[in-house]
Amino acid sequence: MPDLLANLNPEQLAAVTLPDEPALILAGAGSGKTRVLTTRIAWLLQNGRVSPAGVLAVTFTNKAAKEMQARLSALLPINTRGMWIGTFHGLCNRLLRAHYHDAGLPQTFQILDSQDQLSAIKRLLKALNVDDEKYPPKNLQYFINNAKEQGLRSGQVEANDAFNRKFVELYAAYEAQCLREGVVDFAELLLRCYELLQHNEPLRVHYQARFRHILVDEFQDTNRLQYAWLKLLAGQHNAIFAVGDDDQSIYAFRGANVGNMADFEREFHVRHLIKLEQNYRSHGNILDAANALIAHNAHRLGKNLRTDAGHGEPVRVFEAATDLQEANWLIEEIKALINQGAARQDVAVLYRSNAQSRVLEHALVGAGIPYRVYGGLRFFERQEVKHALAYLRLMENPRDDTAFARVVNFPARGIGARSLEQLADAARLYNCAMFEAVPYMTGKAGTNLGAFVKLIEQMRAETRQSTLPETVEYVIQGSGLNAHYQTEREGQDRLENLQELVHAAAAFVSEEGYGLDAPARMLAVRSRAQALPGTDGEAGGTVVDADTPIEMTPLAGFLSHASLEAGDNQAEAGQDAVQLMTVHAAKGLEFAAVFVTGLEEGLFPHENSAMEQDGLEEERRLMYVAITRAKERLYLSFTQSRMLHGQTRYNVRSRFFEELPEGVLKWLTPRVAAGSRWTGNDSAWGRNWFGKPQAPAQPEAWAATPGDVALAQRSRAAEAGFRVGQGVFHTKFGEGIIVGLEGSGADARAQVKFGRHGTKWLALSVAKLQAID
DNA sequence: GGGACATTGATTTTT
DNA sequence: TCAATGTCCC
């Protein structure tokens, strides 16, 4: 038996061997978090503290779940099958599939992804004749998801004004529509699962008795509902082992509630709080920078990273005149790194927002450096793939109007908007699905729609005996998708993706290790039928738990899989390429060399964050995440001007520079004191970009470029006492932040972003702007 | 039904 | 700027 505990540092060891009680592990960046998590599980099993069936480990992403699974099987020779390792959504799906009846769902319920949800909402608004200008579908979607994540049904949401009452009313209508169609959105998976456990005592007692150990990854990212769900499962006696890092909480905007960490500590009377502060990733200077930066945040649980590695290289800082120049400098630096022996994939270029990648990509293409951009469309989100899945969904569940609307006229079958409106009216009249309303249609519309229904039914009949990949292949042909894309000029890629979908189906069927939460996998798990008194009447009191094989076609399993795991982000992973991504996307990753670009006020920290509660602190955590990605080399860069949304913007360097210790920084360009930058200080004129001395620019030349003109204008605006990023107060609009300045003297104007009033240009000579801190 | 044209909006994003 | 979405028209 291998010694699991060998090579753990004292804190890691303490965490792994904690008693069976609630515990909070504050795991700093690069501190061996996943190792502790997996070793903890292995240790519990090895010492007979729990059987595999008593373990539930939950993550946010499929990737993390898979990694945990893989590392666990590497640690332990035993079969880990009884264990539940998966994402919140995957595990909830699994529970709901097993107990669909108790949960009030049809057996064939389908999962809507965000795209599907939005189209369902648009369809709803249309059906109810709601003005989508006044009630934008996206806002309603946010409203609904937000409510669900607070655990609130439409009847429980408080609405104090007519506008919100309308939203609540629409939320209720949406709930009804989903129920009628047999579909659930992502938030619904969680909420419904929560309600299932909450209202069904025997079930709750059963699962509470089962999962003695619940382990949670990235605990700082949990939302209120996920926390409540965990609390419910844990009951009074189970041990939650929560691992997270409040300093890396960067998802408040999608409902993550760092407060869950403090709540957990309090509500569970956590006696074991362990900090993992030993960092195995970065050199000293990089950690010093990270520690100093994050110390500026007020609300922290408190943590300081340390390393045994030396100081290493200094953190290099570069100031560019324009985004173009920043990109060119980046290219030169990357080339140099590669010349020094770095692999391209060891180099990451990070940015705050996706829009920044364009100019960087352009430069990389020009330099002939292979690169890979993370983010963008994923496999199962592609139009052609979603079309094919919609046909499959319709065959599985004809009540799914979202799927129906998506493909009823794609490829074109002469079923226009008018026919569909009539059909929707009929469906409403008879309170049935659009699919079921087709027989009520007459005339040409009736004929065409009837043919569509026949097609679906025929495909379903024809594939009754087929394997899943055969079914998918059949549908791609039979639906006419294949023929359609063959005639389309740029349909080649789409055809390949459709073929890839057949492969994905084959892989889904044959693959052993696609994750325990994948529903089809349940078929392989041996029955553990247990007597659960009082639940659901079906088998005379003998009730099954979610390990029991349930009747589900491979197709149904595949459709869940497609919704819950959107697939890889584009680009061939194999190639040695420079990695481009947002800072958010970089969380959890590490690279030998990291470039953090666009470190400018307004961009990073982002101007919108100034309006958000604790927005700046979250931006700072984001910066902290960016810094701690680097192992050996860290570059920080910013520009004086940048093209954004078709306009050149003039920025000052990010305030974060002022929060980094001078001693670890190496300025590749002269450091200009903050604040003196725009006052016409001479030091700004004699800049030398690549360490080479450069003659001061001629005033004419200085004024010749657009950037410089604006620079001069800014200087004058600054004389009036204003600068970009400055907080101001306006008697009518309230507090705001300056995001732009132009003109001088009587023409000087400031662009100010106000909370409720949006962004406005104000003439400084007219508007009474007061500087605030 | 699809191409041409206008409009809009643009942090971050997993499930 | 530029992509995605919506609208108009034949």
Side-chain angles (χ1 to χ4, degrees), chain A residues 58-65 86-93 111-119 122 132-133 136-138 142 145 148-149 184-190 193 217-218 221-223 225-226 249-256 323 350-359 362 374-378 380-381 383 409-419 484 488-489 517 560-567 569 581-588 598 602-612 615 618-619 621-623 625-626 642-649 758-759:
Chain A
V58 56
T59 63
F60 276 87
T61 64
N62 293 297
K63 198 177 150 204
T87 62
F88 279 101
H89 294 84
L91 296 175
C92 287
N93 179 47
I111 301 166
L112 300 183
D113 67 14
S114 311
Q115 272 180 49
D116 296 333
Q117 185 189 29
L118 188 62
S119 28
K122 283 181 181 164
D132 58 4
E133 298 259 303
K138 281 221 170 89
Y142 175 82
N145 290 337
K148 288 188 180 185
E149 281 165 13
V184 300
D185 57 50
F186 286 137
E188 183 72 24
L189 279 173
L190 286 159
C193 187
D217 190 21
E218 305 279 18
D221 288 340
T222 50
N223 62 33
L225 180 55
Q226 286 159 339
S249 162
I250 55 173
Y251 285 112
F253 70 91
R254 65 176 195 211
D323 46 352
L350 310 185
Y351 35 80
R352 175 68 234 276
S353 65
N354 288 303
Q356 289 166 251
S357 77
R358 178 169 300 278
V359 60
H362 188 79
Y374 283 73
L377 259 200
R378 300 153 105 243
F380 285 111
E381 290 168 358
Q383 183 208 92
N409 199 35
F410 192 96
R413 327 189 145 81
I415 301 168
R418 202 152 313 141
S419 306
H484 173 85
E488 206 175 59
R489 256 178 299 126
D517 57 327
S560 286
H561 169 77
S563 303
L564 289 176
E565 185 161 4
N569 274 334
M581 66 192 86
T582 62
V583 180
H584 283 90
K587 186 166 161 238
L603 241 195
F604 199 177
H606 198 277
E607 59 202 25
N608 293 3
S609 72
M611 293 303 155
E612 287 156 14
E618 176 135 326
E619 293 291 303
R621 290 192 291 268
L622 197 54
M623 181 66 184
V625 167
R642 175 180 298 279
M643 188 67 113
L644 203 66
H645 306 325
Q647 280 189 318
T648 308
R649 294 182 35 150
T759 306

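All chains are named by letter (A, B, ...) in the order of the sequence lines, taking the proteins before the strands, and each is independently numbered beginning at 1.
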Where do N or O atoms of nucleotides 3-10 of chain C meet protein N or O atoms at under 3.5 Å, pair by pair?
from, atom 1, to, atom 2, distance (Å)
dA3(C), OP1, R358(A), NH2, 3.3

_Atom C1', compared across dT5(C) and dT12(B): separation rounded to whole Å_ = 22 Å
Give every pair of a protein N or O atom and an N or O atom of nucleotides 6-10 of chain B that lie under 3.5 Å apart, one pair per line with the distance.
from, atom 1, to, atom 2, distance (Å)
dA10(B), N3, H645(A), ND1, 3.2

*Of the nucleotides dT12(B), dT15(B), dT1(C), which has the atom closest to the F253(A) side chain?*
dT12(B)
*Mind checking what makes ring pair (Phe, Tyr, Trp, His ring centres under 6.0 Å) contact with F253(A), not counting sequence neighbours?*
Y251(A), H584(A)
*Assign each of E612(A) and E381(A) to its nearest nucleotide of DNA chain B by heavy atoms, then name whichever residue's nucleotide is nearer the 5' end.*
E612(A)
*Apply ring pair (Phe, Tyr, Trp, His ring centres under 6.0 Å) to F186(A) and list each qualifying residue two or more places apart in sequence or on a separate chain.*
H89(A)
*How is N409(A) classified with respect to the nucleic acid when contacts are heavy atoms under 4.0 Å: base, sugar-phosphate, or nothing?*
sugar-phosphate
*ring pair (Phe, Tyr, Trp, His ring centres under 6.0 Å) with H484(A): which residues, sequence neighbours excluded?*
F410(A)
*Quick one: list whatever passes ring pair (Phe, Tyr, Trp, His ring centres under 6.0 Å) with F60(A), sequence neighbours left out.*
F88(A)
_Roughly how many Å apart are dA3(C) and dT14(B), using the C1' atom of each and rounding to a whole number?_
23 Å
*Would you mind classifying the nucleic acid contact of S563(A) as base, sugar-phosphate or nothing, using non-hydrogen atoms under 4.0 angstrom?*
nothing
